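Keep in mind the model is a prediction, meaning the values are calculated, not measured. Quick note: numbers below take in every heavy atom, side chains included, and nothing from hydrogens, waters or symmetry partners.
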Amino acid sequence: MIKLPNLLCPKTIPVLFNKASALANIIVKVICFGAILTLSACATLPPTVPETNTETGTQDKNQAETNAAEARATENQTSKVPTKPFSEDSLYQLLVADVALTRGQFETALKNYLDQARATRDLGIIRLTNGIATHQRDADAMLESALLWIEQQPQQAAAHHAALQAYALHKKPLEALQQAYWLYINEDDLDSFLAVTAIDEGHKNAIIPQLMEAYRALDLNPEKRAATELAVAILYRESGNLDAAVSIARHFLTLAPDNQRGLLLLAQVLHQQNKVTEAATLLEDALQRIPNDRTVRLQYARFLTLLDRAQAIVQFEQLRQQGPDDQQINFLLALLYLNEGNQERATTLFQQATTDPAVRADAEYHLATLAERNGDFNSALRHYQQVKFGRNYLTAAGRAAALLARGVSVDSARHYLQQLHREQPDLIPALIQIESNLLVSNNQSDQAIDLLSSGLQQHPNDAQLLYARSMVAEQQNNFALAEQDLRALLAQDEDNPTALNALGYTMILHTDRSEEAHRLIKRAYLLNPGDPAIIDSMGWVLFILGDAEQALPHLEKAMAIMPDPEIAAHLGEVQWFLGDKQAALQTWNRGLEQAPEHPVIKSTMQRLGADITVTDIGVDSSPVSETASPERNQ
């Protein structure tokens, strides 16, 4: 069986130089470039330990105030730095850096500024250098400039944040911990203290014991020391030692019983251990003590979606009452109502959710599917066309095109898809594939081949387009072109199980090269033994080679995983060949229930002389006719 193709915020940076020469007036005053990435971009807590501090409910506001205070403090301290003259050479190098910076030549600017940061130790130059290095994601320059900054302002939190970020990019959690420790002691910055655990997450197992020891060796007062246990629990979880993570997290919660981070971490680890009920009970009990913690309630509601949908709706409704303008809650609640069959309530909530850009695309998609399901094709089309990005973008584009083809014309649908090329240039191959599928479904396979060939001229060797053209070529009985494209795919990746399977299966259908087909399909099977399409191909090629007994369990397994009509056609034929005609008829009937006119099942039954209307058929163990021989060339 062949698988068909599926479908920087501006920031000004003042240059705070103190110069004694007339050339000083030429140095940059303001530069605008993309957003400087914060620590959270390179080392954040695992998603199961949210960073929102719902004990105070004001983290965002406090963080904004903290950042503003740091900026004011930095500016005040900088303004107090005594003026000092620069050499003419330094001023010249700074002028070169300034010109490069205004022209967007960041590498040249960074090199010159870093040289002068080393030479002058000027705080303004150091800070500007660090900003440019951060923008360029130059980890070495970030680290060197951050350490120079700490040298000049050892009590400046922003300098320690910069060093922490640089060590995170260097994937050095042990060194980063020293900066995080300073921030925790001096700024009560628990976020940074715990963020060290996420540096190089999933790739630092070898040093996790050493990092745990480093956390526990820190000199902290009893009140702050509890956080080290939480960090250790997070690290145990990363290492895969879930039992230890649970034990340490429980110990931490004896020290801080209602700590949101600890509760969420323990609940998530219990979930990983398939103890969803215990995880839900943990959060339910906590909510008796901290009923206003929205993050804990949200996680509790999510667990309930696995245990009790009705109670999950109750919890989401409570969250909605607490924050009626939280459209992400409205969106999740809409999904639950949709699952429960309450389309009217789901529609209302999805409509509200479209006001939030974060969930707008998904909400529009669900509104479209609801409208299409109810026969309101104009509304469905309008909503599909509002899906401008996200995971449902291509599906929405395909459905919109299908509705246009049905309601207006195929040409209108094609024009719509081609307009999307300008909106999403990175998705042009996928959009061409959707257009090709549209043409094939409207019996225009020749035009589909032309379209895909044109697409391959613009995007040579694109894997999606090669595979799509091979599938259309196979449907046109053009095995030569199908083989050409599939071998081109294998030239790019010789271990591509989808291409190996497709090439082997098309060989079975169009040639007598059964042994070669078997080798290709066997390679695909070894690479991806759980794919039902490949399992089906494996069973079918074994049958073609005359080994029906070995073929049967493969086909039964494929049918159990994915009850597809084409797999039903294959399984039914092998059952018929082995003499179990009753089972064969039942299998074919199962496939026809999904696709009443499925051509493969119909042609197989006709060739074998089977009648699906026969309900009481005796088992005949006599050999079938030669037309049913597994050695045939289909």
Side-chain angles (χ1 to χ4, degrees), residues 40 44-66 190-191 194 230 249 253 256-271 276-367 370 390:
S40 61
T44 60
L45 287 172
T48 53
V49 188
E51 296 184 30
T52 304
N53 184 351
T54 53
E55 292 177 0
T56 64
T58 57
Q59 177 178 338
D60 292 341
K61 179 180 178 182
N62 290 343
Q63 186 62 51
E65 292 175 352
T66 300
L190 182 59
D191 287 349
L194 294 175
L230 181 56
L253 288 172
D258 297 330
N259 181 274
Q260 182 198 90
R261 297 170 185 272
L263 288 166
L264 293 173
L265 174 63
L266 179 55
Q268 289 291 345
V269 178
L270 289 171
H271 181 213
V276 182
T277 301
E278 186 176 347
T281 301
L282 170 74
L283 299 184
E284 182 181 20
D285 292 343
L287 286 168
Q288 300 300 313
R289 304 185 300 273
I290 47 173
N292 295 324
D293 192 317
R294 284 178 61 81
T295 304
V296 171
R297 189 173 298 280
L298 175 58
Q299 185 60 69
Y300 175 54
R302 288 180 182 275
F303 284 144
L304 286 177
T305 62
L306 304 174
L307 300 171
D308 187 336
R309 293 283 175 85
Q311 285 302 309
I313 289 175
V314 170
Q315 292 300 316
F316 275 108
E317 284 287 9
Q318 187 168 340
L319 286 164
R320 185 171 184 272
Q321 290 172 7
Q322 293 174 351
D325 295 329
D326 187 337
Q327 301 305 335
Q328 298 191 43
I329 294 297
N330 286 340
F331 176 76
L332 294 172
L333 186 55
L335 290 177
L336 282 172
Y337 278 119
L338 181 61
N339 184 264
E340 294 296 305
N342 190 338
Q343 293 188 18
E344 183 178 355
R345 181 70 171 141
T347 298
T348 299
L349 290 167
F350 281 135
Q351 288 171 341
Q352 293 178 25
T354 60
T355 61
D356 184 346
V359 293
R360 179 181 299 152
D362 287 338
E364 291 283 3
Y365 176 77
H366 287 291
L367 286 169
L370 283 167

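Closest of all the heavy-atom pairs between Gly262 and Asn259 is N-OD1, 2.9 Å. Counting all heavy atoms, side chain and backbone alike, Ala312 lies closest to Ala301 at CB-O, 3.8 Å. Between Leu282 and Ala267, the shortest heavy-atom contact is CD2-N, 3.8 Å. Between Leu349 and Tyr337 the shortest heavy-atom distance is CD1-CD1, 3.7 Å. Summarising the geometry of Ala279 relative to Phe303, their closest heavy-atom pair is CB-CE1, 3.8 Å, with the distance given to 0.1 Å.
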Show your working on side-chain contact (heavy atoms from CB on, under 4.5 Å) between Leu190 and Leu230 and close with a plain yes or no.
CA-CA 11 Å; Leu190 182 59; Leu230 181 56; 5.7 Å; no
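Side-chain N/O atoms of Gln327 and Asn330 include a donor and acceptor closer than 3.5 Å.
Arg302 CZ: 12 or fewer foreign heavy atoms inside a 6.0 Å radius.
For the pair Leu264/Thr295, a side-chain contact is recorded, criterion being any heavy-atom separation below 4.5 Å from C-beta on. Side-chain contact check for Val359 versus Leu332: every heavy-atom pair is 4.5 Å or farther apart. The side-chain heavy atoms of Phe350 and Leu338, taken from C-beta on, include a pair separated by under 4.5 Å. In this structure, the side chains of Gln352 and Arg320 come closer than 4.5 Å at one or more pairs of heavy atoms. Using a 4.5 Å heavy-atom threshold, the side chains of Gln268 and Gln299 count as touching. A heavy-atom distance below 4.5 Å is not found between the side chains of Leu304 and Val314. Between Leu335 and Asn339, every side-chain heavy-atom pair lies at or beyond the 4.5 Å cut-off.
Formation of a donor-acceptor pair under 3.5 Å by the Arg297 side chain with backbone atoms of Pro291 is found in this model. Not a single donor-acceptor pair under 3.5 Å links the side chain of Arg309 to the backbone N or O of Leu336.
Taken to the nearest 0.5 Å, the CD1 atom of Ile313 stands 10.5 Å off from the OG1 atom of Thr305. To the nearest 0.5 Å, atom CD of residue Gln328 and atom CG of residue Leu298 are 9.5 Å apart. In this structure, CG in Leu266 is found 15.5 Å from CZ in Arg261, a value given to the nearest 0.5 Å. Atom CZ of Arg294 sits about 5.0 Å away from atom CG of Leu319, to the nearest 0.5 Å. Interatomic distance, CG of Leu287 versus CD of Gln315, reported as 7.0 Å (0.5 Å rounding). Taking CG of Leu265 as the start and CG of Leu270 as the end, the distance is 9.5 Å to the nearest 0.5 Å.
Ring pair Phe331/His366 is tilted by interplanar angle, where 30° to 60° counts as tilted.
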